[in-house]
Amino acid sequence: MSSVDMETIVSLCKRRGFIFQSSEIYGGAGGCWDYGPLGAELKRNVKEAWWKAMVHDRDDVVGLDASILMNPQVWVASGHVQQFSDPLVDCKSCKSRFRADHLKENKCPDCGGELTEPRMFNLMFKTFMGPVQDDAAVVYLRPETAQGIFVNFQNVMSTSRKKLPLGIAQVGKSFRNEINTGNFIFRSREFEQMEMEYFVKPGTDDHWFQHWLEQRFNWYVKLGIKKENLRLRPHAKEELAHYAKGCYDVEYLFPMGWSELEGIANRGSYDLEQHSKFSGKDLSVFEEETKERFTPYVIEPSAGVDRSVLAFLLDSYHEEVVEKEKRVVLRLHPALAPIKVAVLPLSRNEKLVPLATDVHSRIRGAFMTQYDDSQSIGRRYRRQDEVGTPYCVTVDFQSLEDKQVTIRDRDSLHQIRIPIDTLRATLMAKLAGDDFDVLPPGGSLVTGGKS
Ligand code: ATP
């Protein structure tokens with residue numbers, strides 16, 4: 001399990017400006033969260049890492065950005081209007097509400113009181129489109145991004161000049177009126193998803209299903225999640241939707257136990273068939289080589305941005321004692337770290353400031369940086385460690401003479417001293433994965449690594 005409990009992460013997130021309760025000054029909004037300056041960077045980085053792996057690094061996947069509000073028929077065709085419901089029970093004594101399928105016993109977990117019979121509660125948020133608030137104007141906030149992909153399948157197929165297999169990827173907000181939210185950002189009512197529908201010829205679906213199970217599992221590992229905290233759990237028969245041929249969850253060992261980060265499903269041709277039936281539009285494809293017409297099958301990896309952010313925070317959290325003091329460090333992968341490099345003049349001395357500002361201006365723009373000259377250098381190092389900044393660049397009095405600066409590595413605490421002229425290129429190489437102790441011409445390893 002991650003070595004840290006949820007309270008520690010919640011408190012770090014609030015204290016350092018990663019995540020705040022939504023509308024906090026009004027007492028909050030149930031199950032909604034706001035990402036502060038560092039959280040906004042981290043979340044963007046998670047989405048960018050996903051987009052890079054899924055779209056930019058592949059020839060067979062393209063992107064989409066569909067609207068949140070859709071024609072309400074979409075949700076009839078997809079089955080959400082009839083079936084996107086959880087069983088709701090009320091406690092007859094304390095009036096608390098619960099999801100019946102999340103309870104271990106048939107009594108209120110808060111007060112032990114008797115529960116009502118379960119009734120099905122639809123999780124879609126309803127609103128009205130246009131000025132008249134009647135039944136005909138009801139629309140839904142999308143509870144998943146996937147349907148925007150299915151209804152655009154023909155548009156994308158015919159404009160992208162691609163053949164099957166073809167993936168369409170999308171990142172965006174989804175909304176679910178969850179009965180119980182909780183575990184910080186793990187289950188909220190407004191959240192973001194990273195979903196991809198990979199359309200394939202029937203018969204090749206088992207191969208592609210395996211392919212995506214591996215790809216998606218490895219994505220988390222490459223970005224630093226420890227393998228022992230991740231698992232692929234196959235769905236039991238009774239968990240599977242009636243049309244699904246197979247489904248696995250990528251689960252992370254959260255402090256509350258193994259829980260879903262992402263679902264990967266072989267959905268057969270169900271979605272395209274349903275939309276074909278309800279829209280009256282033919283959504284099959286014609287394969288030139290074989291002269292065959294068929295409705296593609298689809299493999300769907302569907303991940304949660306917020307759950308990934310939480311897993312990356314928990315898994316990277318590390319405490320150690322350095323020189324008799326506790327050091328808290330987020331060992332975030334450089335691609336995810338909100339701030340890549342901090343520039344720290346040794347002090348606010350008037351001779352140092354112009355050089356430190358010049359050093360900062362030479363590297364900013366290449367990646368996210370922060371200039372920090374308040375408090376002691378030791379405190380500033382600790383602050384950067386706690387938010388996961390991979391490298392700190394220190395400008396000291398010797399820098400005025402030798403035009404060199406010191407770089408400190410967050411994880412090993414090694415320090416190297418290199419010419420300012422080589423700083424930008426060196427940092428870029430190290431952020432891209434170069435060994436920290438590899439030195440540019442004129443550089444040297446500083447002794448006494450730990451500080
Ligand atoms: P759960 O069983 O936890 O309710 P689900 O199986 O309904 O999740 P999916 O419909 O498969 O979830 O959604 C795909 C992904 O979207 C999930 O793996 C998760 O990462 C994310 N997700 C779903 N619901 C929420 C939520 N309420 N808050 C945050 N993320 C969510």
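Atoms within each ligand, like the ligands themselves, are counted from 1 in listed order.
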Peer 1: Of all the atoms in ligand 1, which lie at a distance below 4.0 Å from a heavy atom belonging to E178?
Peer 2: 24 (N), 26 (C), 27 (N)
Peer 1: Note the single closest protein heavy atom to atom 22 (N) of ligand 1, along with its residue, its atom name and the distance in Å.
Peer 2: F191 CE1, 3.5 Å
Peer 1: Just need the protein heavy atom nearest to atom 14 (C) of ligand 1, so name the residue and atom and give the distance.
Peer 2: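 Result: S302 OG, 3.0 Å.
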Peer 1: Please, which pairs that meet ring pair (Phe, Tyr, Trp, His ring centres under 6.0 Å) have at least one residue in residues 76-100, sequence neighbours excluded?
Peer 2: W75-H80, H80-F84
Peer 1: Which distance, rounded to the nearest 0.5 Å, do you find between the CZ of R187 and the CD1 of I179?
Peer 2: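 It is 10.0 Å, given to the nearest 0.5 Å.
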Peer 1: With a 4.0 Å cut-off on heavy atoms, does D306 reach ligand 1?
Peer 2: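 False for this residue.
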Peer 1: Mind checking whether E262 contacts ligand 1 via backbone (N, CA, C, O), side chain (CB onward), both or neither, at a 4.0 Å heavy-atom cut-off?
Peer 2: backbone
Peer 1: Please name all residues satisfying ring-ring contact (aromatic ring centres under 6.0 Å, His included) with F278, sequence neighbours left out, ordered by chain then number.
Peer 2: none
Peer 1: Quick one: nearest non-hydrogen protein atom to atom 7 (O) of ligand 1, plus distance?
Peer 2: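 Looking only at protein heavy atoms, the one closest to atom 7 (O) of ligand 1 is R176 NH1, 3.1 Å.
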Peer 1: Is there a donor-acceptor pair under 3.5 Å between the side chain of E195 and the backbone N or O of A146?
Peer 2: yes
Peer 1: Taking salt bridge (Lys or Arg N to Asp or Glu O under 4.0 Å) as the criterion, tell me which of E288, E287, E289 meets it with K163.
Peer 2: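 It is E289; the other options fail the test.
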Peer 1: Among all protein non-hydrogen atoms, which one is nearest to atom 3 (O) of ligand 1, and what is the separation to 0.1 Å?
Peer 2: R187 NH2, 2.9 Å
Peer 1: Is the distance from the ring center of F184 to that of F186 below 6.0 Å?
Peer 2: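 That pair fails the under 6.0 Å test.
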Peer 1: When rounded to the nearest 0.5 angstrom, what is the spacing between CG in D249 and CD in E260?
Peer 2: 4.0 Å
Peer 1: Counting non-hydrogen protein atoms only, what is the nearest one to atom 29 (C) of ligand 1? Give residue, atom name and distance.
Peer 2: F186 O, 3.1 Å
Peer 1: Pull out every atom of ligand 1 sitting under 4.0 Å from any heavy atom of L261, numbered as shown with elements.
Peer 2: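 Going through ligand 1 atom by atom, the ones under 4.0 Å from L261 are 18 (O), 20 (O).
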Peer 1: Within 45 degrees of the axis of the six-membered ring of Y35 and under 6.0 Å from its centre: does K43 put its NZ or CZ there?
Peer 2: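 Yes, a cation-pi geometry.
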Peer 1: I'd like to check which ligand 1 atoms, numbered from 1 as shown, lie under 4.0 Å from a non-hydrogen atom of G304.
Peer 2: 20 (O), 21 (C)
Peer 1: For atom 28 (N) of ligand 1, what's the nearest protein heavy-atom neighbour? Residue, atom name and distance, please.
Peer 2: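 Minimum-distance protein heavy atom for atom 28 (N) of ligand 1 reads S188 N, 3.0 Å.
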Peer 1: Within a 6.0 Å radius of atom CZ on F286, are there more than 12 heavy atoms belonging to other residues, nucleotides or ligands?
Peer 2: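 Counting other residues, nucleotides and ligands, CZ of F286 exceeds 12 neighbours.
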Peer 1: Heavy-atom contact check, 4.0 Å cutoff: does E144 meet ligand 1?
Peer 2: no
Peer 1: To check your reading of the model: name the closest protein heavy atom to atom 2 (O) of ligand 1, its residue, and the distance in Å.
Peer 2: E260 OE1, 3.9 Å
Peer 1: How far is atom 16 (O) of ligand 1 from the closest protein heavy atom, and which atom is that?
Peer 2: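 Going atom by atom, the protein heavy atom closest to atom 16 (O) of ligand 1 ends up being Q193 NE2, 3.2 Å.
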